[in-house]
Amino acid sequence: MSKEITSREADYSQWYNDIVIKADLAEHSAVRGCMVIKPNGYAIWEKMQAVLDKMFKDTGHQNAYFPLFIPKSFFSKEASHVEGFATECAVVTHYRLKNDGNGNIVVDETAKLEEELIVRPTSETIIWNTYKGWIQSYRDLPILINQWANVVRWEMRTRLFLRTAEFLWQEGHTAHATAEEAIEETERMLHIYADFAENWLAVPVVRGRKSPNERFAGALDTYCIEALMQDGKALQAGTSHFLGQNFAKAFDVKFTGKDGKLDHVWATSWGVSTRLMGALIMAHSDDSGLVIPPKLAPIQVVIVPIYKGDEDLAKISSYVNELTMRLKGLGVSVKYDDRDTQRPGFKFAEYELKGVPVRIAIGGRDLENKTVEIARRDTKVKQTVPQEGLDIYIVKLLEEIQQNMFNKALAYRDEHITEANSYEEFQQLLDTKAGFISAHWDGTPETEQKIKEETKATIRCIPLDNKLEDGVCIYSGKPSIQRVLFARAY
RNA sequence: CGGGAUGUAGCGUAGCCCGGUAUCGCGCCACAUUUGGGAUGUGGAGGUCGUAGGUUCGAAUCCUGCCAUCCCGACCA
């Protein structure tokens, strides 16, 4: 198999595909738009899940599981929600197959469902239908539930991890007695996502709110984290929605308050998906392959022996086994690759491609000098270091790599937030520099729509820490009270 | 769903215009020599040419339908 990766400069899209395929993260399946996540890719997703799951539980949430299928009628109960998802739903209409007598398996038309089932594109409807039975009093609130699940959205055009017809995600669905409490929850989860993105994925994000055009179908307010990829395009990495009482009203979920009055329940929902894999790949990787931040790397350190003959290998292995024990004791995941079927150079290239943060090579020379050779993936710098105190050195190096990856991505991101003060400047920036463009906007959906049609750029978000500043909209010339972030996006 | 391209061994390909049962490289298997950046040699295995029809004595090649993938649009986490 050729391990050549297309360079980012030559063809960014092809580079991305090459990384996913050649680092063995995922591959296309026999089903259009659906991917097989391979062990190397799934291991990273599992680490993401573990970290996020703990974060959710530490903030009082519990996991549960709701059905894959949703009765069609549920969708029509919330008007804007159905409008948002109707065009991309997989629908189950029958429940049986039969042999047609010619050896073909066909749908048994007599086994038609009375009511079609929708394969969930998101679970608000089935969950709120369920919550109806769980909530009578303020004493039943809040409900703080998360589920890990797959969802299906019949996308026209798919890309591995970034947009697949079926994807894995978590969706939190909470119910509250007051709007304030629900908004607080919405914001809390946004900050958890941001914390995760920055401190684990090492991807800096802008925390903000969506413009009405970009809001989730059925939400009163959508908060998001927006990341910037190496080609200057933005990627929405997570969203947290304040749903108001929309779903409670649609599914008739009421509770009696302390004051004895009946009111509809307030809701939030929030989610991140396997798209985070795409963010991780595109934010850090280079032309040699994947670069995984140490805190999410399934293998943090790989050790490659360099030897001549069994005796040589035995000596190296005895040192490596002892080192491995110490590293594992410090919580470092280590792989000792003593395969005799591949040569060292092959292994070096392979682990580089797969993004293992630290590689240690040990040969006879090192045993004599009491050293090892350490190569870090993020900078590709190699150096010889003493065996003395190596375990502590590695732990610190992993931390440094994590920090360095974040700093590098942050520097790139900050360099690519540019202010535009006229529409001409705005258009020019999009074509020359890309990235986020900070510009005044008159606050109307019409203006946003026009800009989108003319430039393909959308408002990614209105940053939470935005300064209010009088200005004029770059498109309409009408007064504006603040700048918002525009970008072309995935 | 519109535009463009592609589909030949696990992967990448030649052959297609001009019809005669498939080329090369990587990978794979065996053995030997090797091992500090993707080893070398020798021998070997592997293909109903995406799929279904049609034309023809004969189809990878010509014609038609279908399927899939990639890129660019519209849609979206």
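Side chains included, hydrogens not; waters and symmetry mates left out as well; all remaining heavy atoms used. Each chain gets a letter, A, B and so on, in the order its sequence line appears, and its residues count up from 1.
- Heavy atoms of A/G238 sit nowhere under 4.0 angstrom from any nucleic acid atom.
- Nucleotides B/rG54 and B/rU8 are separated by 24 Å at their P atoms, to the nearest Å.
- Residue A/T164 places none of its side-chain N or O atoms closer than 4.0 Å to OP1 or OP2 of B/rC76.
- Nucleic acid contact class of A/R359 (heavy atoms, under 4.0 Å, all strands): base.
- Distance CD (A/E166) to P (B/rA77): 17 Å, rounded to an integer number of Å.
- A distance of about 15 Å separates the P atoms of B/rU64 and B/rG4, rounded to the whole Å.
- Contact annotation: side chain of A/R163 to base of B/rC76, donor-acceptor pair present below 3.5 Å.
- Side-chain atoms of A/W15 and A/S13 include no donor-acceptor pair closer than 3.5 Å.
- Rounded to a whole angstrom, the distance from the P atom of B/rC16 to that of B/rC63 is 14 Å.
- Among the nucleotides B/rA77, B/rU35, B/rG37, the one closest to any side-chain atom of A/R153 is B/rA77.
- Side-chain proximity of A/R275 to the nucleotides B/rG36, B/rG73, B/rA77 is greatest for B/rA77.
- Closest to the side chain of A/R343, from the set B/rG37, B/rU69, B/rA39, is B/rA39.
- Taking the P atom of each, B/rU55 and B/rU61 are spaced 15 Å apart, rounded to whole Å.
- Within the nucleic acid shown, A/G309 has no heavy atom closer than 4.0 Å to any nucleic acid atom.
- Within 4.0 Å (heavy atoms only), A/L162 reaches at least one base atom of the nucleic acid.
- Distance check on atom P: B/rU69 versus B/rG53 gives 23 Å, rounded to whole Å.
- Summarising the geometry, the separation between CG on A/D11 and C1' on B/rC72 is reported as 12 Å, rounded to the nearest angstrom.
- As rounded to whole Å, 15 Å separates atom P of B/rG73 from atom CD of A/E453.
- One can place CD1 of A/I5 at 12 Å from C1' of B/rG38, the figure rounded to the nearest angstrom.
- Within a 6.0 Å radius of CD in A/E388, other residues, nucleotides and ligands contribute 12 heavy atoms or fewer.
- For the C1' atoms, the distance from B/rC11 to B/rU34 is 26 Å, rounded to whole Å.
- Heavy-atom contacts from other residues, nucleotides or ligands closer than 6.0 Å to NZ of A/K72 number 12 or fewer.
- Of the candidates A/H173, A/M189, A/E171, A/R188, A/W270 forms a side-chain contact (heavy atoms from CB on, under 4.5 Å) with just one, namely A/M189.
- Rounding to whole angstrom units, CG of residue A/D337 and C1' of B/rG37 are separated by 14 Å.
- At least one side-chain nitrogen or oxygen of A/N17 sits closer than 4.0 Å to the OP1 or OP2 atom of B/rC71.
- Residue A/I374 contributes atom CD1, which lies 19 Å from atom P of B/rG36 at whole-angstrom precision.
- Classification of the A/F196-A/W200 ring pair by plane angle, with boundaries at 30° and 60°, yields parallel.
- Ring geometry for A/F56 against A/H61 counts as perpendicular: the plane angle is over 60°, on a 0 to 90° scale with 30° as the lower cut.
- Rounded to the nearest Å, the gap between the C1' atom of B/rC49 and that of B/rU21 is 11 Å.
- For the pair A/K382 NZ and B/rG36 P, the computed distance is 11 Å after rounding to whole Å.
- Within the nucleic acid shown, A/S13 comes within 4.0 Å of sugar-phosphate atoms alone, with no base atom in reach, counting heavy atoms only.
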Practice prompt. Treat a base pair as Watson-Crick or G-U wobble with both distances under 3.5 Å, then lay out RNA chain B in dot-bracket form, 5' to 3', with | for cross-strand pairs.
Written response: ((((((((.[[[..)....(...]]].((((((.....)))))).....[[[[[..)....]]]]])))))))....

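- The CD-C1' distance, from A/E373 to B/rG37, rounds to 9 Å in whole Å.
- Looking at heavy-atom distances under 4.0 Å, A/F167 makes contact with a base.
- Residue contacts for A/K347: at a heavy-atom cut-off of 4.0 Å it reaches no nucleic acid atom on any strand shown.
- The pair A/R209-A/D221 meets the salt-bridge criterion, with a side-chain N (NZ, NE, NH1 or NH2) lying under 4.0 Å from an Asp/Glu carboxylate O.
- Looking at which nucleotide of RNA chain B each of A/I362 and A/F216 is closest to, the 5′-most match is held by A/I362.
- Of the residues near RNA chain B, A/R157 and A/P305, the one whose nearest nucleotide (by heavy atom distance) lies more toward the 5' end is A/P305.
- Put simply, the side chain of A/E352 and the base of B/rG37 share a donor and an acceptor less than 3.5 Å apart.
- A/R488 and A/D431 are joined by a salt bridge, as a carboxylate oxygen and a charged side-chain nitrogen come within less than 4.0 angstrom of each other.
- A salt bridge between A/R365 and A/E373 is absent, with no side-chain N of the basic residue lying under 4.0 Å from a carboxylate O of the acidic one.
- B/rG12 sits 14 Å from B/rU6 when the C1' atoms are compared, rounded to a whole Å.
- Across all strands, A/Q236 comes closer than 4.0 Å only to sugar-phosphate atoms, never to a base (heavy-atom distances).
- A salt bridge links A/D337 with A/R339: at least one charged nitrogen is closer than 4.0 Å to a carboxylate oxygen.
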